[in-house]
Amino acid sequence: MSLLDYFKTKKKSSTASTAKERLQIIVAHQRGERDAPDYFPKMKQEIIEVIRKYVQVETDQVSVQLDQNDDKLSVLELNVTLPEK
């Protein structure tokens with residue numbers, strides 16, 4: 001095994017693990033949306049519109065999640081990546 005083969009193999013496994021992690025994130029996100037109420041997509045869009053009144057952000061820079069516990073407790077989580085200016 002040459003030195004170049006070592007780096008090629010490592011890069012492929014790194015790419016595969018990165019793809020696996022991304023897929024897990026997507027699946028978890030879709031599972032979370034499946035249990036969300038019907039009004040959630042519209043509420044999410046309206047929250048993004050309100051944020052845009054004050055700061056110019058892209059849709060992918062805003063994450064809105066609704067977590068529901070067994071205790072009938074709902075938590076709305078909002079993460080916004082703000083520009084540096």
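Values reported hereafter were calculated over all heavy atoms of this structure, with side chains retained and with hydrogens, waters and symmetry mates removed.
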request  = Kindly work out whether a path of hydrophobic side-chain contacts (I/L/V/M/F/W/Y, heavy atoms less than 4.5 Å apart) joins Ile48 to Tyr39.
outcome  = yes
query = In chain order, what residues pass the side chain to side chain donor-acceptor pair (under 3.5 Å) check against Asn79, with sequence neighbours excluded?
reply = Glu77
Closest non-hydrogen atom pair between Val64 and Phe40, with its separation = O-CZ, 3.5 Å
Trace of the side-chain contact (heavy atoms from CB on, under 4.5 Å) decision for Val75 with Leu66 = CA-CA 6 Å; Val75 177; Leu66 180 65; over 6 Å; no
Any residue meeting side-chain contact (heavy atoms from CB on, under 4.5 Å) with Val55, in chain and number order, not counting sequence neighbours = Val57, Leu82, Pro83
task = Please collect all side chain to side chain donor-acceptor pair (under 3.5 Å) contacts where either partner lies in residues 49-58, sequence neighbours excluded, each pair once.
result = Arg52-Thr59
key: Side chain to side chain, Ser63 and Leu78, heavy atoms closer than 4.5 Å   = no
query = Where do Val62 and Thr81 land on the side-chain contact (heavy atoms from CB on, under 4.5 Å) test, with the steps shown first?
reply = CA-CA 7 Å; Val62 179; Thr81 304; over 6 Å; no
